[in-house]
Protein chains: 2
Amino acid sequence: MDSCPVSEAIISGTTKRGNDAPRPSMADVARLASVSLGTVSNTLNNPDKVSDSTRRRVLGAIAELGFVRNDAARSLAAGTSTTVGIVLADLGNSLFVDIARGAETALRRRGMNLLIADSAIDIDRQMNYLQTFEQARVAGIILAPLDSAIIEEPTRLTSTTPVVLVNYESRRHVYSDVVTDERRGGYLAARHLLDLGRRRIAFVGGPLFLTAVERRYEGARAAVDEVEGATLEFIETLGVNIKHGKQAGRQLAAASRPQLDGVVAASDLIAIGLIQVFEETPGFSVPRDIAVVGYDNNHFASESSIPVSTVSQPGEEMGGVAAGLLLDEIWGRAKSEKQTVVLPPTVIPRKSTLGDAWRRD
Amino acid sequence: MDSCPVSEAIISGTTKRGNDAPRPSMADVARLASVSLGTVSNTLNNPDKVSDSTRRRVLGAIAELGFVRNDAARSLAAGTSTTVGIVLADLGNSLFVDIARGAETALRRRGMNLLIADSAIDIDRQMNYLQTFEQARVAGIILAPLDSAIIEEPTRLTSTTPVVLVNYESRRHVYSDVVTDERRGGYLAARHLLDLGRRRIAFVGGPLFLTAVERRYEGARAAVDEVEGATLEFIETLGVNIKHGKQAGRQLAAASRPQLDGVVAASDLIAIGLIQVFEETPGFSVPRDIAVVGYDNNHFASESSIPVSTVSQPGEEMGGVAAGLLLDEIWGRAKSEKQTVVLPPTVIPRKSTLGDAWRRD
DNA sequence: CTGTTAGCGCCTTCAT
DNA sequence: ATGAAGGCGCTAACAG
């Protein structure tokens with residue numbers, strides 16, 4: 001940068017300048033701009049309470065010094081923070097990335113910003129980050145918790161910081177939460193198959209203690225029960241990843257049971273696993289012999305060579321709504337009752353059910 | 001939608017303090033434990049300087065009050081923070097998720113924690129989060145910058161906060177950085193094809209002003225030039241997504257030019273796009289007629305129905321190394337010189353080049 | 001409009 | 001081992 005000839009002698013003893021110059025503070029800015037500390041604060045927080053010329057001078061000093069306001073001090077003094085934290089169960093799952101983006105957008109519009117923490121499917125990390133955020137005194141926290149019975153409502157997640165849950169419904173309604181109607185998602189998936197004329201359907205997914213999986217199964221069950229002569233078989237897997245789908249696929253391919261003509265998978269990954277196995281198995285052409293619908297609208301579900309029909313959860317919307325709920329609480333505009341917002345999933349038909357009738361866009 | 005009859009009284013009763021009670025402070029804890037403020041601070045930060053019985057009393061009070069230490073005040077007073085921030089170009093890209101995880105693991109081992117910000121391929125957001133982190137006085141920042149000429153070295157990214165770059169090499173070596181050897185990656189990809197006997201190769205990718213793409217191309221060029229009679233054709237795309245791959249694929253499939261037998265794609269997405277088009281085109285069977293190798297080891301590259309051979313960047317390692325470099329700087333253990341750590345990419349052969357010879361583990 | 005002055009909650013010597 | 005006091009950088013009244 002420039003090397004303006006600063007006279008060291010002129011600088012008063014209070015300001016020491018070593019090789020590692022200390023961060024300039026508002027006091028330094030005030031001094032340079034020949035105004036008082038309060039004025040600097042005002043030009044930063046209440047620009048309209050400062051004359052134009054003064055503000056310009058202050059801003060100039062700020063730039064000259066490379067001053068960056070200390071947010072720790074700020075939120076300590078002001079008692080409020082402008083950032084909210086989001087703790088995500090698994091950044092590897094694009095749904096959570098979508099949720100974060102939705103929240104970020106909504107928050108940014110209201111002048112706040114979002115910091116993300118990744119639990120990486122680890123309950124300890126989740127709890128740790130919850131605490132980190134609370135210690136940092138963020139304005140509020142959005143939590144996309146691990147879906148397992150383990151986190152079943154520890155008395156309170158934070159002592160005071162507002163929290164809203166996303167993609168998980170609090171049993172006790174201690175928190176507001178936004179979820180999708182998993183049951184309806186399962187219903188829609190099965191319904192889609194039924195509408196296509198499929199009648200011998202299987203639901204592949206698990207483990208069943210995962211709330212979402214159970215709900216999706218219930219929904220599929222309900223749809224099948226509505227149709228005369230349709231049957232639903234349940235095939236439990238140990239997880240919702242591709243390998244589980246493959247295992248189930250091999251199992252189905254090997255079995256001599258009556259041929260199925262449709263399957264509802266509890267996740268896109270399972271669906272992809274199934275399809276990969278089916279494609280290598282005579283008599284299991286997808287979707288001719290057997291149609292497959294997944295769940296999640298994982299980004300790559302649409303990119304596999306047989307794009308997977310899927311039930312899409314409105315991730316960004318979920319994040320946006322959660323952010324709104326949280327801000328309501330932060331700003332005290334919240335209704336006294338905690339609310340649960342249920343967002344509708346939608347099915348996105350693709351080649352794995354429609355076949356050649358399907359065209360991308 | 002059950003309506004379990006929750007008694008509101010019980011809900012509010014779960015809280016030990018009233019709803020509007022202010023957060024307990026260390027002073028409150030001190031009072032309850034009948035010790036002085038300094039002692040509370042010590043039992044928190046220098047446990048060994050406090051008698052066992054006293055500490056127990058203090059800890060008890062903390063639990064009883066649900067006290068959560070104010071990190072803003074702490075880092076203000078102590079002048080040091082225990083959290084570092086990472087700004088990622090695109091959370092939608094699994095490489096960056098890996099980098100974050102690697103960094104997180106390394107940092108956690110050293111008692112620090114990681115907060116993530118997502119630039120979402122938006123330079124404004126990137127800059128904004130850089131500033132947010134600096135304002136929050138994080139101990140340091142890891143930046144995985146947008147790869148574009150635009151960010152070309154604005155004088156300084158932060159005024160004082162230590163920064164290390166990951167997945168991007170600083171021209172001016174103002175920052176330490178950790179990158180992979182893109183050129184070598186391109187070399188390895190082409191080499192892989194050549195080793196398989198392919199000779200008429202195309203490099204598909206772009207735009208060329210993306211540093212990484214350019215380097216990869218150079219590497220591929222070098223490998224091809226080493227082999228007598230091998231040719232390399234360059235096909236520029238407008239981006240590195242699936243659609244770009246498809247466009248290029250259609251272009252190749254339509255052209256009547258001499259048949260290619262191998263292609264190095266600048267990204268897995270391009271590779272997938274190519275493959276999807278090829279699979280629908282007679283005479284373009286993958287890998288029999290034409291072998292395809294991608295780049296990035298995107299999570300789903302291995303999950304497409306024709307698993308894509310790819311060049312893998314060691315994301316977690318990159319994050320871990322970056323975290324190490326950053327901590328060195330934070331703790332003053334850094335060498336005076338900024339360093340550049342170059343990590344080697346590796347090729348992961350899969351079905352798109354090996355064909356049936358390939359078996360998943 | 002601008003300057004002054006208390007703290008915000010905690011850490012850190014320095015005595016005791 | 002414990003207590004008392006000063007100050008970290010900033011905001012928010014309140015005075016001028």
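Here is the naming used below: chain letters follow the sequence lines, and residue numbers restart at 1 for every chain. It should be emphasised that the depicted structure is a prediction, and the values quoted were computed from it without experimental measurement.
Closest of all the heavy-atom pairs between B/Pro145 and B/Ala89 is O-CB, 3.8 Å.
You'll find the side chain of A/Val40 stays beyond 4.5 Å of the side chain of A/Phe67, heavy atoms only. The shortest side-chain heavy-atom distance between B/Asp177 and B/Leu325 does not fall under the 4.5 Å cut-off. In this structure, B/Leu326 and B/Pro162 have side chains that are in contact, with non-hydrogen atoms separated by less than 4.5 Å.
Proximity of a side-chain donor or acceptor of B/Tyr129 to a complementary backbone N or O of A/Leu114 within less than 3.5 Å is detected. Judged by distance alone, with hydrogens and angles left aside, the side-chain atoms of A/Arg171 form a donor-acceptor pair with the main-chain N or O of A/Glu169 at under 3.5 Å.
For A/Val138, the side chain to side chain contact (heavy atoms under 4.5 Å, CB included) partners are A/Thr83, A/Phe133, A/Ala136, A/Ile141, A/Thr161, not counting sequence neighbours. Under the side chain to side chain contact (heavy atoms under 4.5 Å, CB included) criterion, A/Leu76 pairs with B/Asn70, B/Ala73, B/Leu76, not counting sequence neighbours.
Rounded to 10 degrees, the angle separating the terminal helix axes of the helix from C/dC1-D/dG16 to C/dT16-D/dA1, each built from five base pairs, is 30°.
For DNA chain D, the contact window with chain B, defined by any atom under 4.0 Å from a protein heavy atom, covers D/dA1 to D/dG9 in 5' to 3' order.
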- Query: Using a cut-off of 4.0 Å between protein heavy atoms and nucleotide atoms, how would you tag nucleotides 4-15 of chain C 5' to 3' with B, S and -?
  - Reply: B--BBBBSB---
- Query: Which is it for A/Glu64 and A/Arg57 under the salt bridge (Lys or Arg N to Asp or Glu O under 4.0 Å) test, yes or no, and what are the steps along the way?
  - Reply: CA-CA 10 Å; A/Glu64 170 130 7; A/Arg57 233 175 41 255; over 6 Å; no
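Screening residues 109-120 of chain B for side chain to side chain donor-acceptor pair (under 3.5 Å), with sequence neighbours left out, gives A/Arg101-B/Asp118, A/Thr132-B/Asn113.
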